[in-house]
Amino acid sequence: MQKRSLRNKTWLWLVIILLMFVAVNYFLVSKQPQEYPSYVSESPSPTGVKAFYTYLQGETDAVERWSHEPHLLKKAENQQLLFMIEPFFVPEQKEMDGYISFMEAGNTIVLLDNNPDGMFGLKTEYVLEQDGPVEVRDGKEERYKASITSPVRMRASQNDEVLLSDQIGVVALKRSFGEGQLIVANAPNWITNEIILDEDHLQLITSLILEENQSWDTILFDEYIHVTGHGPKITSLYPKWIVVFALQSGLIAVSWLWNRGKRFGQVIRPREEVVRFSNERIKALASWYQRGRRYQDSLRIQADYVKLLLQERWGIPYRKEWIDCTDQLKVRRKQMTEDEILSFVKEITKLLNKESINKQEYVLWSKRMDQLQKEVEEG
């Protein structure tokens with residue numbers, strides 16, 4: 001009886017602790033702020049566009065959200081404006097035809113996308129990113145300040161009208177489709193809650209949609225493009241014959257492997273293979289460098305590998321000398337000041353050009369190169 005009573009008490013305490021854990025977890029989770037996708041008109045987060053949506057609601061009663069397929073857009077009515085803000089996917093051709101028909105009926109689409117290449121026949125080209133606000137000019141040569149984070153600029157065709165541009169290229173343009181038009185800008189960040197009131201962002205956005213005192217009977221915010229389930233399926237990305245060929249090849253490969261299989265279970269590797277090609281080879285190579293005091297060769301190899309990483313991860317050309325990478329390192333490195341970066345580049349250049357270095361110099365600079373390598377690999 002005593003054992004049974006003790007066992008019951010143990011179970012009782014376990015249930016009480018579990019209930020307490022569930023209660024604490026519930027209150028902690030329930031107090032967490034709700035997460036919203038970026039560029040959604042319902043999102044009050046810094047990356048949402050609820051502030052601009054609410055602003056337009058205060059100006060007109062004809063602001064709505066659109067969450068249906070594009071072919072359902074009303075084409076009989078003109079003077080409609082549709083916002084497409086940073087689509088999560090490139091619509092399929094059938095859906096693109098729906099948007100084009102909407103414009104050809106006399107309506108307007110405003111597409112705000114960091115890289116609109118491939119949509120509505122638009123072409124872009126990559127450019128060097130700029131830090132901080134830049135100067136933007138409109139067709140009347142009026143100048144504005146704006147933050148542009150897009151790595152591309154648009155290629156305007158002969159029939160396009162350039163609305164906004166900076167010193168690098170075209171930032172916004174207008175293209176006619178039948179009776180309507182498409183307005184494109186590669187700066188969706190202008191309309192976000194976080195920076196819409198910074199610089200001249202609000203003035204630039206309103207100048208795009210209120211050009212020549214244009215009035216709109218209906219303003220729609222396209223949320224259909226923010227639902228990932230509406231994106232194109234893998235079967236629509238490739239021709240059907242490729243999909244069928246891939247499936248048949250996969251079935252044939254599986255059947256062949258199944259037929260050729262001799263056993264199932266864990267594969268036992270010979271011990272001599274593990275010993276021969278494990279880290280002993282690396283230790284032997286390191287020992288050879290230490291005995292020969294080839295510190296200079298080892299440091300050059302390490303620096304060469306870091307240069308390759310800089311090219312792959314940060315886009316700094318491998319052929320550049322260290323001293324020529326100073327400006328790009330200043331932009332990318334977060335853990336060093338500009339003076340420290342300049343000193344680092346000068347000292348490593350001087351050290352790599354020396355005929356030999358001692359152990360103390362090698363240990364110090366090998367650690368510093370390791371720190372730079374980790375920072376590059378981590379982003």
Side-chain angles (χ1 to χ4, degrees), residues 32-57 63-73 80-103 107-127 129 147-155 171-173 175 177 182-196 201 204-205 208-209 218-238 243 379:
Q32 295 296 324
Q34 183 178 353
E35 295 185 3
Y36 293 90
S38 301
Y39 303 104
V40 174
S41 60
E42 296 179 343
S43 171
S45 69
T47 58
V49 297
K50 186 175 182 179
F52 186 69
Y53 182 86
T54 306
Y55 165 75
L56 292 180
Q57 276 188 320
V63 182
E64 301 175 8
R65 296 183 176 93
W66 180 263
S67 57
H68 306 290
E69 295 182 359
H71 72 269
L72 297 176
L73 288 165
Q80 295 182 94
L81 176 66
L82 175 68
F83 275 101
M84 299 177 67
I85 308 171
E86 192 63 23
F88 290 174
F89 58 90
V90 177
E92 298 182 8
Q93 187 58 46
K94 180 181 178 181
E95 295 169 331
M96 294 299 294
D97 292 340
Y99 289 120
I100 293 174
S101 299
F102 175 74
M103 289 186 288
N107 302 296
T108 299
I109 290 180
V110 175
L111 174 61
L112 304 176
D113 195 345
N114 275 308
N115 187 359
D117 188 82
M119 296 184 66
F120 303 105
L122 296 167
K123 299 295 182 182
T124 62
E125 57 186 359
Y126 283 89
V127 298
E129 296 185 27
S147 172
I148 302 178
T149 58
S150 173
V152 303
R153 293 296 182 271
M154 287 176 285
R155 297 179 184 176
V171 176
L173 59 82
R175 177 173 296 181
F177 282 86
L182 170 70
I183 299 174
V184 189
N186 64 341
N189 59 309
W190 291 353
I191 207 171
T192 58
N193 302 329
E194 184 176 18
I195 65 171
I196 189 172
H201 297 158
L204 287 167
I205 291 294
L208 293 178
I209 63 175
T218 304
I219 299 178
L220 302 173
F221 280 72
D222 192 349
E223 298 300 345
Y224 177 83
I225 56 176
H226 292 149
V227 180
T228 54
H230 295 159
K233 299 177 176 58
I234 188 170
T235 54
S236 62
L237 297 177
Y238 302 97
V243 177

Asker: For Glu125, give me all partners under side-chain contact (heavy atoms from CB on, under 4.5 Å), at least two apart in sequence or on another chain.
Answerer: Arg155
Asker: Please evaluate residues Ile205 and Tyr55 with respect to the criterion side chain to side chain contact (heavy atoms under 4.5 Å, CB included), reporting the C-alpha separation (whole Å), side-chain torsions for both, the decisive distance (0.1 Å), and the verdict.
Answerer: CA-CA 12 Å; Ile205 291 294; Tyr55 165 75; over 6 Å; no
Asker: If every non-hydrogen atom of Met119 is compared with every non-hydrogen atom of Met84, which pair is closest and at what distance?
Answerer: CE-CE, 4.0 Å
Asker: Might you point out which heavy atoms bring Ala172 and Ala185 nearest each other, and give the distance in Å?
Answerer: CB-CB, 3.9 Å
Asker: Check step by step if side chain to side chain contact (heavy atoms under 4.5 Å, CB included) holds for Asn107 and Leu82.
Answerer: CA-CA 8 Å; Asn107 302 296; Leu82 175 68; over 6 Å; no
Asker: Report the residue from Met103, Arg175, Gln80 that forms a side chain to side chain contact (heavy atoms under 4.5 Å, CB included) with Ile109.
Answerer: Met103
Asker: Rounded to the nearest 0.5 Å, how far does CZ of Arg65 lie from CD of Glu42?
Answerer: 4.5 Å
Asker: What's the separation between atom OH in Tyr99 and atom OH in Tyr224, rounded to the nearest 0.5 Å?
Answerer: 7.0 Å
Asker: Has the side chain of Asn193 got a donor or acceptor atom that lies under 3.5 Å from a matching backbone atom of Ser45?
Answerer: yes
Asker: Do Pro46 and Thr192 touch side chain to side chain, with heavy atoms closer than 4.5 Å?
Answerer: no
Asker: Heavy-atom distance under 4.5 Å between the side chains of Phe221 and Leu56, does that happen here?
Answerer: yes
Asker: Find the distance between NE2 (His71) and CG (Asp97) and round it off to the nearest 0.5 Å.
Answerer: 12.0 Å
Asker: Looking at CZ of Phe83 and CZ of Phe52, how far apart are the two atoms once the value is rounded to the nearest 0.5 Å?
Answerer: 4.0 Å
Asker: So, taking the atom named CG in Leu81 and the one named CG in Leu208, what distance separates them when rounded to the nearest 0.5 Å?
Answerer: 10.5 Å
Asker: Tell me the closest heavy-atom pair linking Leu122 and Leu173, and the distance in Å.
Answerer: CD2-CD1, 4.3 Å
Asker: Report the distance from atom CD of Glu86 to atom CG of Asn115, rounding to the nearest 0.5 Å.
Answerer: 9.0 Å
Asker: Stepwise, does the side chain to side chain contact (heavy atoms under 4.5 Å, CB included) test hold for Ile209 with Ile183?
Answerer: CA-CA 8 Å; Ile209 63 175; Ile183 299 174; 5.7 Å; no
Asker: Under the 3.5 angstrom rule, does the side chain of Ser150 hit a backbone N or O of Asn114 as a donor-acceptor pair?
Answerer: yes
Asker: State whether the side chain of Asn186 and the backbone N or O of Val152 hold a donor-acceptor pair below 3.5 Å, judged by distance alone.
Answerer: yes
Asker: Nearest heavy-atom pair of Ile225 and Phe89: which atoms, and what distance?
Answerer: O-CE2, 3.5 Å
Asker: Heavy atoms only: give me the nearest His201-Ser147 pair and the separation to one decimal.
Answerer: NE2-N, 3.0 Å
Asker: Of all heavy-atom pairs between Phe88 and Ser38, which one has the smallest distance, and what is that distance?
Answerer: CZ-O, 3.6 Å
Asker: Report yes if some heavy atom in the side chain of Asp117 is under 4.5 Å from a heavy atom in the side chain of Lys123; otherwise report no.
Answerer: yes
Asker: Report the residue from Val90, Leu182, Leu111 that forms a side chain to side chain contact (heavy atoms under 4.5 Å, CB included) with Pro116.
Answerer: Leu111
Asker: Could you work out, with side-chain contact (heavy atoms from CB on, under 4.5 Å) as the rule, every residue matching Val49, not counting sequence neighbours?
Answerer: Ser41, Ile85, Ile191
